[in-house]
Amino acid sequence: MTSAAIHSPPVAKASGAGQTIFQRNLRQFAANRLAMASVGVVLLFVLLAIFAPFIAPHDPNETDLFRRLQPPAWQAGGEWAYLLGCDALGRDILSRIIYGSRISIFIGAAVIFVATTVGIAAGLAAGYFRGWVDVAISRLVDILLSFPYLIFAIGLMAMMGPGLVNIILALAYKEWVIPCRVVRGETLATRELEYVEAARALGASSAHIMVKEILPNILSPVIVVSTIRIAHVIILEASLSFLGLGVQPPTASWGSMVADGRAFILGAWWVSTFPGLAILLLVLAINVASQGLRDAFDPRFQE
Amino acid sequence: MSHNENLLEVDGLRTVFDTSEGMVRAVDGVDVTVRRGECLGVVGESGSGKSVTFSSVMGLVRSPGRIESGSIRFEGRDLTRLSPREMRAIRGRDISMTMQDALTALNPALTVGEQLSEMLDAHDEDLPARGGARRRAIRDKSVEMLRLVGIPSPDSRLDQYPHEFSGGMRQRIMIAIALAPGPKLLIADEPTTALDVTIQAQVLELISEIRARLGMSVVLITHDLGVVAEHCDRVMVMYAGQVVEEGATVDVISNPQHPYTRGLLGSIPRLSLRGKPIRPIQGQVPNLVGLPPQCRFYSRCPDRTEACLQFVEMRNVGSDRRARCIALTQEEVA
Amino acid sequence: MVRVRRVLFATAAALGLSLSAAQASELRVGFTLDAMTLDPANHRNRETETIIRNMYDGLVTRDGDMKVVPQIAESFEMVSPTVYDFRIREGVTFHDGSSLTAEDVRFTFERLTAEGAMGDGQTSPRKSLLGPVESVEVRDGNTVRITLSEPWPILPAMLPFQEVVSKAFVEKVGTQGLATQANGTGPFKLVDWRKGDAIIMERFEDYYGGAPSIEPVGEACVERAIFKIIPESASRVAALLAGDVDIINELPPFSVEQVKSNPGTDVMTVNGTRSFFVAMNMEGDLFSDPRVRRAAAHAIDKDLIIDRILGGNAARIEGILSPDAFAASTDLPVYEYDPEKARALLAEAGYPDGVEITMDTVGAYKDIAEAVASLLTKGGFNTRVAVGEGAQMTQKWRTKGGPKSGDMYFTSWGNGSLDPFDIFTPTHRTNDRGNSAGYANPEVDRLLDAAAIEPDTQKRAALYREAEQIVNGDLPYVYLWVPQDIYGVSKRLTGWRPSADSRINLHDACVD
Amino acid sequence: MSLGKLAERLLHLVPVLLGVSVIVFLMMALTPGDPVDIMIGDQNVTPEQEQAMREDLGLDLPVHRQFFVFLGNAVQGDFGTSFYHRRPVLDVIVERLPATIELSLVALIIALVTAIPLGVLAAIRRNSILDKMATVGSLLGVSLPGFWFGILLLMLFAVHLQLLPVSGRIGFSSEIEPITHFLLIDTLLRGRPDAFWDALKHILLPAITLGLPMTAILMRVTRTSMLEVMRQDYIVFAEAKGLKRGRILFRHALKNALIPTVSVAAIETGSLLGGNMIVETVFGWPGLGRLVVESVFLRNYPLVQAAVLFYAVTYVLLNFIADILYTTLNPRVKL
Amino acid sequence: MTSTANPLLNVENLSKVYEGRQSLANRLAGVQPFSVRAVNDVSFHVERGEVLGLIGESGCGKSTLGRAVLRLHEPTAGRVRFDGEDVTALSAGALKDMRRRMQIVFQDPYASLNPRSTVADIVGLPLRLHGLARTGAEVREKVARILERVGLNAAHLDRYPHQFSGGQRQRIGIARALISHPEFIVCDEPVSALDVSIQAQIIQLLLELKDEMGLTYLFISHDISVIGYLSDRVAVMYLGEIVEMGPTDDVLARPRHPYTQSLMSAVPDVDAPGKHQRVRLAGELPSPLDPPKGCKFHTRCPLAIDACKREAPVSEQVAPGHQVACHRLAEDLSVWETGAEAGTR
């Protein structure tokens with residue numbers, strides 16, 4: 001109380017603002033220019049993914065061995081029709097990046113969606129019910145956490161065979177423990193709060209308390225963790241490609257483009273650099289935007 | 001240095017916070033006088049600016065807050081003009097502070113001994129210059145301080161961490177730290193609010209006792225008029241960033257001049273009032289952003305009139321007695 | 001302050017030292033894989049053998065033309081189709097100073113071929129490389145006789161893969177000890193094996209000189225030879241360009257130009273021994289039709305891929321055998337690149353609109369397989385490439401007679417011995433290990449079986465050539481090419497030449 | 001640290017290790033591909049010879065029998081023989097482990113010594129250019145694919161500038177007799193500053209590549225917790241005491257702010273250990289990670305089994321160490 | 001005991017013990033799990049329409065007792081009868097129905113409201129849980145009505161808790177507790193986190209509502225003035241036990257237990273500073289993990305004798321409905337008179 005009195009203005013919160021909290025948050029978010037720019041970038045990539053067939057200048061899988069490793073347009077030997085140059089099979093890198101955004105965004109989003117859903121359910125159950133449920137889930141989490149991530153993914157990929165769905169599963173199999181841990185910890189803390197007790201005192205069921213009272217309040221750290229993990233997942237997919245277990249050809253994912261292009265990096269830097277930059281840009285934008293959203297929309301972050 | 005009766009003189013202090021919603025005038029034209037050896041009670045509810053006033057005195061207002069205007073004279077020197085380095089030398093050595101909750105104010109990761117001895121190390125000028133002698137002297141003095149505030153077996157407890165002490169003991173430790181360099185002024189910010197009544201009584205008594213022994217001045221910030229009544233020579237009542245009433249404790253409590261002071265006294269549930277309705281002040285503290293220049297208590301005052309819709313100054317209402325209400329007529333005081 | 005200065009001084013000294021430490025007679029090889037073990041009899045790994053072979057010599061070796069020539073053996077002769085005699089050279093010493101005797105040779109082969117001879121009931125995993133060897137014995141003090149249970153004419157071709165160990169040493173340190181210690185008769189002796197990092201060897205001063213038919217004879221040129229393990233291609237090339245290493249293996253064709261244009265480095269190539277081909281599942285409905293198989297052969301423009309992707313560093317083939325292999329035919333009919341014809345053949349087979357197929361391959365071949373697939377697509381085979389892990393693909397395609405699924409398999413088969421027995425038989429004999437196409441032709445089986453035991457070289461070659469003709473007509477595979485092994489070398493390297501069996505023999509290599 | 005807690009820790013290890021073993025075995029059992037097939041490769045063997053090899057490796061037993069054989073032996077410290085190295089798996093792993101641990105530790109140290117000061121600076125200069133740069137930099141750090149970034153570093157420092165070596169742990173002229181098998185320590189123990197310098201140059205690029213994402217994460221954690229700590233009453237009180245700024249920042253604030261940093265570092269170190277196979281491959285670092293990945297592809301079951309167990313034990317131990325650190329930083333928590 | 005034939009709430013020998021988890025490892029290492037008797041064999045009753053004040057210092061178990069009565073914390077032993085029904089024996093379904101009739105108002109106006117829910121959701125929750133409103137519109141209408149009653153208005157329906165001041169939040173909490181028209185409310189320090197002027201407003205509100213809606217309160221507080229002002233009867237708790245209980249006038253006019261006496265003397269009084277001679281209770285509340293034997297107050301009691309260290313005193317009636325548990329009751333001593341200072345400093 002004391003520090004609050006000293007460091008934050010002693011303003012009564014009851015200011016009868018004539019606007020809804022949502023409008024106010026939105027305005028606050030809009031004022032954050034960096035975050036707005038990032039949202040723009042993310043949207044741009046999503047649009048790119050959706051409208052890839054209309055945007056991409058070439059068929060991403062059309063090979064032309066005579067254009068093998070053609071440099072970007074501004075370098076000697078480049079052509080403006082192939083702005084970012086061509087890869088080892090003479091495919092247009094720009095078009096592959098545009099189409100690749102579909103796969104990378106899809107893998108990142110799908111893995112995180114699956115993992116977060118499972119993680120939230122498991123974490124809520126462990127943190128809320130405690131007892132043997134918690135012991136069982138926590139033990140499983142321990143086991144999975146102590147299992148090196150890549151070896152686990154490689155093992156699963158080797159077991160299940162190649163394929164997009166299998167990649168998503170192999171990554172999600174372990175990914176869920178991270179949101180699970182976060183949710184469990186937050187749930188343990190939140191379940192002791194008075195408003196949870198109040199709901200119990202009113203006769204609310206466990207399901208109601210978990211979903212309506214606890215979940216909305218722990219969602220924000222989970223979302224923050226999850227957006228950061230999207231970056232990891234996109235990079236992990238790239239790592240699987242590096243080890244030869246990535247998405248199936250000729251489908252382009254940014255990760256596989258970087259991974260496959262690394263062999264040429266000494267002479268044809270563009271093959272892996274442009275998709276690498278695409279990963280960087282998207283991941284950066286997601287992170288900055290999510291941070292901005294959190295700052296604006298989470299009541300706890302407001303002064 | 002002039003031998004003034006007044007140890008601290010704050011004049012027209014304005015401390016503001018810049019927030020997204022506008023500028024908050026947390027302290028708006030506050031005058032404070034602390035005399036040598038006295039205990040001044042500062043009473044007010046949350047948001048009244050009582051804590052901000054004294055963190056301004058300590059130079060502890062942090063961004064987005066700042067002191068907009070006013071002077072803070074301590075023994076004649078204007079603290080607002082000191083460099084951070086000079087201010088550091090005054091903090092702790094001349095003006096010390098204790099905070100409401102010793103559990104949060106003591107660093108959980110450092111031993112009590114370390115937190116006590118670093119204070120001595122920073123300010124005590126009577127210590128040997130350096131080396132083992134200094135360390136020993138600091139340790140001895142630390143033990144002495146803990147003994148002074150009534151910690152049993154102080155020598156062994158120096159190496160313990162704050163969480164290993166009970167709430168009352170922690171409060172004593174914080175007081176020991178604050179008093180270690182022998183300050184001239186102790187600002188005790190809600191020293192007992194976090195404590196149980198039986199412990200509260202012990203701690204307040206300790207402060208009074210030490211004040212008497214060391215002859216220092218004490219500013220006791222509290223929301224509890226009972227505490228003020230029992231421990232303070234003078235009292236200053238604050239509301240919404242301003243002082244509304246000031247005077248000798250006995251006078252203020254027995255004959256409150258400002259409607260807010262009256263309301264505050266009326267709000268205290270008392271055994272003697274059982275069965276009778278209490279008359280609480282209606283409404284709540286106004287938002288401090290963009291306040292019109294009128295009496296700040298206007299919206300809650302049972303006696304408000306049209307005349308209150310203007311800036312109201314402090315008025316003298318007797319010897320050593322002032323209040324901020326338009327209904328009072330200014331008395332000329334020599 | 002004093003301390004800071006001292007640290008700075010030490011740092012400078014260290015810098016100076018490390019700069020002057022580049023010794024002239026040290027040769028470093030940037031190599032893809034570490035040795036699994038240093039025991040010549042206890043592995044089945046080509047890289048391991050390449051490293052070991054610089055410390056251990058064999059009874060025989062191969063010269064620059066891949067001809068089998070005596071090394072520790074002074075000479076050898078085939079006494080009968082099942083009996084070979086080897087005269088052991090005198091004056092050959094092991095690194096520990098002891099002399100090599102015929103008994104060591106006998107012990108070596110005993111250890112390789114006898115059941116449980118490795119100790120602990122273990123049998124050498126290399127036993128199968130010596131086929132029907134029945135017994136090994138010492139005759140007249142310095143002659144070793146190898147007796148076979150049946151005629152096996154390729155024995156001499158298989159012998160360069162086996163190195164001679166010291167009986168006394170093995171008995172002293174045991175099979176366990178031999179895994180990490182080396183006591184061979186080769187040009188280099190082991191200094192330090194930094195597992196996973198490098199194998200450091202130094203010149204063996206008492207070397208007997210090596211095979212007399214391979215010039216120059218004598219001790220190794222460089223004082224120290226090092227195999228430095230760099231698995232990642234780009235890093236390996238980087239190491240060469242940075243001057244960290246003098247030879248790298250498996251230089252990616254793409255980097256050839258860069259290495260060539262770099263002032264201090266150059267490229268060396270040698271005809272490889274690995275044949276690339278696409279297996280077509282003849283058990284499937286689609287490829288059981290010979291017209292469809294022929295269509296696939298016409299759809300693939302081998303020359304284009306050799307030119308554009310392999311940088312010209314490959315020889316096209318019309319049968320399984322490398323042009324350098326024993327009994328390779330030169331007059332096989334050629335399936336020219338002709339996408340129109342491919343479509344026409346498909347239409348004739350009942351697929352006027354083309355077909356949808358999947359081509360399996362492993363990660364390492366993804367690139368080329370995609371190029372092949374795009375060509376097939378243009379020829380009417382709408383081809384999707386499925387990249388799997390090596391072990392999975394082996395399970396799926398090398399079924400040893402088990403039922404097959406899948407359409408096509410882009411793969412390769414190594415033929416270090418350059419003898420058809422090692423490549424032709426496993427890939428074409430009915431239900432054999434490498435028969436990914438599910439090919440079954442009793443006539444071919446008969447020819448291969450006969451050739452395997454035919455002692456007469458001419459007759460053997462004829463048998464293989466006949467089989468190749470039949471196979472070329474049946475076309476269970478689209479035979480693609482044999483890529484060259486490409487090495488990047490530093491220009492300070494002299495006297496070294498890559499070898500077609502992908503060994504890196506450092507005996508003759510010198511650095512300026 | 002009470003005896004009870006120690007016992008509890010050790011007991012925790014049992015289900016974790018058992019669970020990990022079961023998962024690896026299941027994976028291996030359900031994964032297509034046969035070690036003997038892979039081992040033989042493109043060579044000719046008779047079915048009898050193949051069967052003999054299989055029996056030699058103990059692969060003729062049904063999977064559950066193999067599992068119990070493994071378990072029984074593992075309890076006695078025998079993890080089997082590597083199919084390829086033909087030596088006890090334990091020996092093979094122990095040879096590679098120091099390199100992996102050394103790399104991970106140096107990466108950890110690099111991460112800590114850059115992340116903590118940066119995080120502190122970013123926090124005390126909140127919203128300054130420096131703060132924003134550090135934040136964006138940290139986001140970049142977690143957004144870079146390690147193998148790509150590693151090769152870029154390699155190109156720059158090893159090929160173009162030729163300042164640092166391309167691969168390996170130490171140069172060939174710096175032969176030193178191992179003591180601890182940690183080269184950075186051994187070179188110093190043997191009094192060879194030149195070799196130490198050499199080893200340091202070798203480890204620099206891989207450690208930076210490996211440590212970068214962790215640096216980014218730790219920086220953000222430190223910044224956040226530092227901001228949180230700076231808001232606490234005890235910092236205000238320390239200021240009220242008139243202490244010097246340095247003492248407030250480093251003695252009062254940092255000691256508390258490091259508590260979450262330490263926990264996160266422990267978890268992330270686990271992922272350093274388990275995630276370094278890619279960096280090891282790029283930089284030719286002779287560590288365990290590369291070996292394990294190779295072994296998965298080669299179906300070298302005993303090695304994968306044992307290595308994964310090693311990782312698990314290391315992970316649990318690391319967390320244990322972090323807990324101890326945690327208690328020294330945070331006396332409120334009693335182990 | 002002056003209990004009428006049918007008190008609304010009757011608590012018999014209620015205990016609540018918290019026990020640490022006994023892990024396998026601890027068992028192996030021979031470590032005893034901790035166990036805290038937060039509430040120890042407490043009996044009392046509350047009449048319909050009555051306010052029973054429960055006073056004690058932090059850690060004395062008063063909040064636990066309040067929650068155990070509602071079965072928010074499962075009691076370890078004893079019985080709670082509400083309107084004749086044994087609450088401790090209710091099934092989950094029956095308990096849910098019972099929750100409509102027994103409610104609680106919490107101390108912390110910040111922690112007790114879900115920051116992610118609107119006022120309409122928070123206050124309307126009981127209606128939905130107990131099926132007391134059919135449509136969303138009905139919920140909103142009923143919520144608006146109760147909001148008006150507690151001094152807020154319908155314009156607040158869609159706001160979030162953080163947009164309100166502490167006093168307003170406490171009003172929201174009260175509205176939530178009242179909307180299902182309960183008969184009994186546990187007020188767990190509902191005013192101790194509030195400013196003085198707001199505190200008075202809330203006390204006023206609670207008293208008005210009690211009369212209007214015919215409520216019965218168990219009012220928990222550490223503030224003897226608040227309890228003294230609004231409760232009909234008062235119970236004083238120390239370390240999980242009730243040491244003195246009786247009609248407020250009686251107890252506060254003539255406290256008999258030395259602890260009650262000390263409590264009263266410690267409260268600073270605005271009206272008459274220095275009226276009482278201060279009784280300085282030495283030391284602090286002993287750790288509940290390791291409570292003293294005998295009379296639990298003996299470590300701090302100025303009047304403690306040897307018997308107090310050995311035996312726990314039994315509750316005795318000293319006046320109609322006024323019970324005290326003290327060994328030295330018969331001597332009719334008071335801590336003021338002795339002026340004693342007990343224990344060690």
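Atom set for the values below is all heavy atoms of this structure, side chains included, hydrogens, waters and symmetry mates excluded. Just so it is clear: chains get the letters A, B, ... in the order the sequence lines come, proteins before strands, and each one is counted from 1.
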*Pick one of side chain, backbone, both or neither for C/Lys400, based on which atoms fall under 4.5 Å of a heavy atom in chain D.*
side chain
*Residues of residues 287-296 of chain D contacting chain C, heavy-atom criterion under 4.5 Å, by residue number*: D/Arg290, D/Glu294, D/Val296
*If you count heavy-atom pairs under 4.5 Å between each of D/Arg169, D/Arg96, D/Glu280 and chain C, which one has the most?*
D/Arg96
*Count the heavy atoms belonging to other residues, nucleotides or ligands that lie under 6.0 Å from CZ of D/Arg190, then report whether that count exceeds 12.*
yes
*Part of C/Glu389 within contact of chain D (heavy atom distance under 4.5 Å)*: side chain
*Under 3.5 Å, is there a donor-acceptor pair linking the side chains of D/Thr180 and D/Asp186?*
yes
*Distance, nearest 0.5 Å, that separates CE of C/Met36 from NZ of C/Lys195*: 14.0 Å
_Residue among D/Gly284, D/Gly168, D/Ser167 with most heavy-atom pairs under 4.5 Å to chain C_ = D/Ser167
*On the 0 to 90° scale, with breaks at 30° and 60°, tag the D/Phe25-D/Phe70 ring pair as parallel, tilted or perpendicular.*
tilted
*Between the side chains of C/Gln122 and C/Thr175, is a donor N or O closer than 3.5 angstrom to an acceptor N or O?*
no
*Among all residues two or more places apart in sequence or in another chain, which pass the ring pair (Phe, Tyr, Trp, His ring centres under 6.0 Å) test with D/Phe283?*
none
*Residue among C/Ile229, C/Ile226, C/Val237, C/Leu241 with most heavy-atom pairs under 4.5 Å to chain D*: C/Ile226
*In terms of heavy-atom proximity below 4.5 Å to chain C, should D/Arg86 be classed as side chain, backbone, both, or neither?*
both
*Does some side-chain heavy atom of D/Leu59 sit less than 4.5 Å from a side-chain heavy atom of D/Pro35?*
yes
*Heavy-atom distances under 4.5 Å only: say whether D/Arg299 touches chain C with side chain, backbone, both or neither.*
side chain
*Contact part of C/Thr180 toward chain D, heavy-atom cut-off under 4.5 Å: side chain, backbone, both or neither?*
side chain
*Would a 4.5 Å heavy-atom cut-off, applied to side chains only, mark D/Phe157 and D/Gln162 as touching?*
no
_Under a 4.5 Å cutoff for heavy-atom pairs, which residue among C/Thr427, C/Asp192, C/Thr37, C/Thr123 has the most contacts with chain D?_
C/Thr123
*Side chain, backbone, both or neither of C/Arg274 within contact of chain D (heavy atoms, under 4.5 Å)*: side chain
*What pair of heavy atoms forms the shortest contact from C/Asp244 to D/Val166, and how long is it?*
OD2-N, 3.0 Å
*Measure across D/Leu163 and D/Lys201 and return the closest heavy-atom pair with its distance rounded to 0.1 Å.*
O-CD, 4.1 Å
_Just by distance, no angles: are the side chains of D/Thr281 and C/Glu232 close enough, under 3.5 Å, to form a donor-acceptor pair?_
no
